[in-house]
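Remarks on the structure that follows.
Just so you know, ligand 1 is whichever comes first in the structure, and atom 1 is the first atom listed for that ligand. Below, each value reflects all heavy atoms present in this structure, side chains not excepted, and no hydrogens, waters or symmetry copies.
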Amino acid sequence: MQMDNKRQTVRDNYARIASEIAEAAVKSGRKPEDIAFMAVTKTVDPELVNESIDCGIALLGENRVQEWQSKREAYRAGIPVDFIGALQSNKVKYLMGQIRLIHSVDRLSLAQEIDRQAEKHGIVQDILLEVNIGGEDSKSGTAPSELPALLEQVKAFSHVNVKGLMTIPPPCSDDRYLAAMEELFLRTKETDPALMQILSMGMSDDYAAAILHGSNLVRVGSALFGARDYSKVH
Ligand SMILES: *Cc1c(COP(=O)(O)O)cnc(C)c1O
């Protein structure tokens, strides 16, 4: 596809998704602006990412440290970036002071390293704890039963702020995992309301359903930018 056509497709996709997000927000008793619409940029040409920003995208999600580093200069200045991918402890240092929110904290050792590096940089890093709500072996995330203990330990760090939870549910034809995650989020919020402000849940296939189950941050890639072409990633 020609670049002009691709840009038009992003504009059309943005308009459609934004209106579906707004509709789901209202249906769930909230306002459209209560839901953050993140553009997930992996494999996407920075020109198209900028097109989405021109449409109204106000938050980017990056999966890989290296890919983000190679593309960041090409993004519109000032756009906030979240890190949503699997994160190795030895890469944490590259994110400090650059990333609004790290969504993928799934183990104590990673939280510990973020705390250590944040202290070194004189910042407090906002994070989400990632939950493996489907209990899949192949996926990262803490088991729901281990969340309370992890939260207790991470709460003790002075350079890490827990802002909520993130999940990537298994593909599923019904809402059971979204409902389970909503339940876990609300239960955790009862004991720690200040720490449970963000529920990062919902991707291209389920963002509207996720919002109906309490998500206030949806991470959308292929529905916005089209199918990913991994051959182009260096
Ligand atoms: C790739 C990715 C997304 C977006 O996936 P789509 O199905 O293309 O919307 C969302 N969250 C995470 C963590 C991802 O890695």
Side-chain angles (χ1 to χ4, degrees), residues 6 9-10 12-21 24 35-46 48-49 51-53 55-71 75 79-88 91-92 95 99-107 110 114 126-134 136 138-142 163-173 175 177-178 181 185 198-233:
K6 286 190 183 171
T9 303
V10 169
D12 295 345
N13 289 342
Y14 176 84
R16 187 189 70 251
I17 297 165
S19 88
E20 286 175 15
I21 288 173
I35 315 296
F37 176 4
M38 169 195 283
V40 175
T41 64
K42 60 181 181 264
T43 78
V44 179
D45 191 319
L48 291 182
V49 175
E51 186 68 39
S52 76
I53 296 168
C55 291
I57 285 291
L59 177 63
L60 303 183
E62 296 285 329
N63 279 78
R64 298 179 189 86
V65 174
Q66 225 180 339
E67 187 186 341
W68 164 66
Q69 285 177 324
S70 76
K71 286 159 71 174
Y75 293 154
I79 182 88
V81 175
D82 286 4
F83 194 82
I84 62 173
L87 183 55
Q88 292 166 275
K91 299 262 173 78
V92 166
L95 304 183
I99 293 291
R100 185 192 73 120
L101 179 68
I102 301 174
H103 291 225
S104 43
V105 180
D106 60 350
R107 57 195 188 277
L110 178 58
I114 295 171
D126 288 341
I127 66 164
L128 303 179
L129 297 179
E130 181 178 351
V131 176
N132 185 353
I133 197 66
E136 297 167 286
S138 62
K139 278 206 186 123
S140 48
T142 185
K163 291 286 187 180
L165 304 179
M166 181 269 227
T167 195
I168 308 172
C172 183
S173 56
D175 290 3
Y177 297 113
L178 302 176
M181 195 63 207
F185 183 75
I198 298 174
L199 177 55
S200 169
M201 175 167 83
M203 317 200 313
S204 287
D205 289 335
D206 62 355
Y207 55 84
I211 292 166
L212 296 181
H213 283 288
S215 168
N216 57 6
L217 193 164
V218 292
R219 310 178 308 267
V220 183
S222 46
L224 180 60
F225 295 116
R228 281 183 283 278
D229 182 358
Y230 283 97
S231 68
K232 287 210 194 117
V233 184

Report, in ascending order of atom number, the atoms of ligand 1 lying under 4.0 Å from any heavy atom of I168.
13 (C)
May I ask which of R219, K42, M203 has a heavy atom nearer to atom 2 (C) of ligand 1 than the others do?
K42
How long is the span from the CG atom in L129 to the CZ atom in R107, to the nearest 0.5 Å?
12.0 Å
Checking contacts here: is it the side chain or the backbone of H103 that comes within 4.0 Å of ligand 1, counting heavy atoms only? Could be both or neither.
neither
What are the two closest non-hydrogen atoms of D206 and M203, and how far apart are they?
OD1-N, 2.6 Å
Less than 3.5 Å between some nitrogen or oxygen of D205 and one of ligand 1, yes or no?
no
If we set the cut-off at 4.0 Å for heavy atoms, which region of N63 has an atom near ligand 1: side chain, backbone, both, or neither?
side chain
Minimum heavy-atom distance V220-Y207, with the two atoms named
CG2-CD2, 4.2 Å
Beyond-backbone contact of F225 with V10, side-chain heavy atoms, under 4.5 angstrom:
yes
Just by modelled atom types, is the G221 backbone N or O under 3.5 Å from a matching donor or acceptor in the K42 side chain?
no
Just need the protein heavy atom nearest to atom 9 (O) of ligand 1, so name the residue and atom and give the distance.
S204 OG, 2.5 Å
Please check if the side chain of K71 supplies one atom and the backbone of T41 the other of a donor-acceptor pair under 3.5 Å.
yes
If you measure from each non-hydrogen atom of L224 to ligand 1, which part falls under 4.0 Å: side chain, backbone, both or neither?
neither
So, the side chain of R219 versus the backbone of S200: is there a donor-acceptor pair under 3.5 Å, distance only?
yes
Closer than 4.0 Å to some heavy atom of V220 - which atoms of ligand 1 meet that?
9 (O)
When you measure from atom 12 (C) of ligand 1 to every protein heavy atom, which one gives the shortest distance, and what is it?
I84 CD1, 3.6 Å
Could you tell me which atoms of ligand 1, counted from 1 in the order shown, lie closer than 4.0 angstrom to a heavy atom of S222?
6 (P), 7 (O), 8 (O), 9 (O)
